[in-house]
Amino acid sequence: ERAPGWFLLADDVATFCSDLVPTIQPNINDGQQVLSAVLYRRVLSAFEGVLLLAARGMHTEGLILRRGMLEALFVLGAIWQQPDLVRTYVQNDQHRRRDIYKNLRQTSPESRRRVSAWITDEELDKAISELTQATKGTNYLSVEQIAQAAKLYDVYLTDYCLLSEAAHHVARDLERQVTVDCDKEIESIIWGPEQEAPFKLLFPATDQMLMAAHVISKIYGLDVKEKFDLFSCRSRELSEQDEAREDG
């Protein structure tokens, strides 16, 4: 009820993007198509999660989920702009697994029994050695580098970095959970639905969901221009209404 126009637009975009899923028929021998199909579903799932959290007033949780949504969008955009990155991205998993195994090797015996009783020290050492050898001479792609490859570096430097404050629960971000008096003294700690305007979640999430749909339409040759123009027009109208309301 606080933002019916934005919720309606976001819901329509979710429906449209969901309707694209059956049209995505990847060639299982084409790495770009397979990876993009899975990533698109990840972006869409996260977007629908953001809508649910926004409806419940769970703004902080929505910010955290939007960060994950952006990470999937960065990879999706990167493999569209640079199809050769598919192999590099898959190889990144070797770096990740190597580091996980190294961490497991350092855990206490008690923790090891609870977490990884299925693997022995010898098996861990063997896996670490093999993965160390496999990753020798290969570079690990950071989120920043992937965003650059996707030509979404400005989004990384702004939106993504700000969303990281909520994801990492930094002190500055925690200030949103308290109210203060005129002397900056804490009056209360807020619990329950947050008061941030829903459009702060819905506007960027909707825009980025459409970015993902744009990429998938290019990879699979889908005609979505008419829908995109319609959604862009509605988004612009809602933004203008919000600005007029604030000015008033």
Side chains of residues 20-28: which donor-acceptor partners sit under 3.5 Å, not counting sequence neighbours?
{"from": "Thr23", "atom 1": "OG1", "to": "Leu20", "atom 2": "O", "distance (Å)": "2.5"}
{"from": "Gln25", "atom 1": "NE2", "to": "Pro22", "atom 2": "O", "distance (Å)": "2.8"}
{"from": "Asn27", "atom 1": "OD1", "to": "Asn29", "atom 2": "N", "distance (Å)": "2.9"}

Above 12 or not: heavy atoms from other molecules or residues under 6.0 Å from CZ of Arg42? no

What do you reckon, is CD of Glu187 surrounded by more than 12 foreign heavy atoms closer than 6.0 Å? yes

Closest contact, heavy atoms only, [X] versus [Y]:
X      : Y      : value
Met211 : Leu73  : SD-CD2, 3.9 Å
Tyr40  : Cys17  : OH-O, 2.9 Å
Ala10  : Leu202 : CB-CD2, 4.3 Å
Thr135 : Gln94  : CG2-CB, 3.7 Å
Ala46  : Leu65  : O-CD2, 3.4 Å
Ala149 : Ala78  : CB-CB, 3.9 Å

Side chain to side chain contact (heavy atoms under 4.5 Å, CB included) partners for [X], two or more places apart:
X      : answer
Met58  : Leu53, Arg56, Glu61
Pro204 : Arg66, Asp159, Gln208
Ser18  : Leu44, Glu48
Asp229 : Lys225

Output every pair passing ring-ring contact (aromatic ring centres under 6.0 Å, His included) with a member in [range], not counting sequence neighbours, ordered by first then second residue.
range            : answer
residues 47-94   : Phe74-Tyr160, Trp80-His214
residues 161-182 : none
residues 217-240 : Phe16-Phe231

Got a sec, which pairs hit side-chain hydrogen bond (donor to acceptor under 3.5 Å, both in side chains) with one end in residues 144-158, sequence neighbours left out?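 Found Ser142-Gln145, Glu144-Tyr153.
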
Say you draw a straight line from [atom1] of [X] to [atom2] of [Y]; how long is it, rounded to the nearest 0.5 Å?
X      : Y      : atom1 : atom2 : result
Gln81  : Lys218 : CD    : NZ    : 11.0 Å
Met69  : Ile64  : CE    : CD1   : 15.5 Å
Asp125 : Arg105 : CG    : CZ    : 4.0 Å
Ile100 : Ile128 : CD1   : CD1   : 11.5 Å
Phe199 : Ser239 : CZ    : OG    : 7.5 Å
Leu230 : Asp12  : CG    : CG    : 8.5 Å

Heavy-atom side-chain proximity of [X] to [Y] below 4.5 angstrom:
X      : Y      : result
Phe7   : Leu51  : no
Leu70  : Leu163 : yes
Ser188 : Val178 : no
Ser36  : Val215 : no
Trp6   : Leu201 : no
Ile190 : Thr179 : yes

Residues forming a side chain to side chain donor-acceptor pair (under 3.5 Å) with Ser164, sequence neighbours excluded: Arg67

For residues [X] and [Y]: do they belong to one hydrophobic cluster (side chain heavy atoms under 4.5 Å, members Ile, Leu, Val, Met, Phe, Trp, Tyr)?
X      : Y      : value
Val86  : Val34  : no
Leu9   : Leu52  : no
Phe203 : Leu162 : no

Do Glu122 and Lys126 meet the salt-bridge criterion of a basic N to acidic O distance under 4.0 Å?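 No, no charged N to carboxylate O under 4.0 Å.
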
Taking salt bridge (charged side-chain N to carboxylate O under 4.0 Å, His left out) as the test, write out the residues that go with Arg176, two or more places apart.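 Scan of Arg176 (salt bridge (charged side-chain N to carboxylate O under 4.0 Å, His left out), adjacent residues dropped) gives Asp173, Glu194, Glu196.
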
Mind checking salt bridge (charged side-chain N to carboxylate O under 4.0 Å, His left out) for Lys200 and listing every partner two or more places apart, or none if nothing turns up?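 In terms of salt bridge (charged side-chain N to carboxylate O under 4.0 Å, His left out), with neighbours along the sequence ignored, Lys200 is linked to no residue.
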
Would you check if the side chain of [X] reaches a backbone N or O of [Y] as a donor-acceptor pair within less than 3.5 Å?
X     : Y      : result
Asn92 : Tyr140 : no
Gln32 : Ile79  : yes
Ser45 : Arg41  : no

Check the pair Ile146, Leu85 against side-chain contact (heavy atoms from CB on, under 4.5 Å), reporting the backbone distance first and the verdict last. CA-CA 9 Å; Ile146 292 172; Leu85 276 181; over 6 Å; no

Stepwise side-chain contact (heavy atoms from CB on, under 4.5 Å) check, Leu124 with Lys102: CA-CA 8 Å; Leu124 265 180; Lys102 283 183 176 181; over 6 Å; no

Thr132 and Arg98: side chain donor to acceptor below 3.5 Å: no

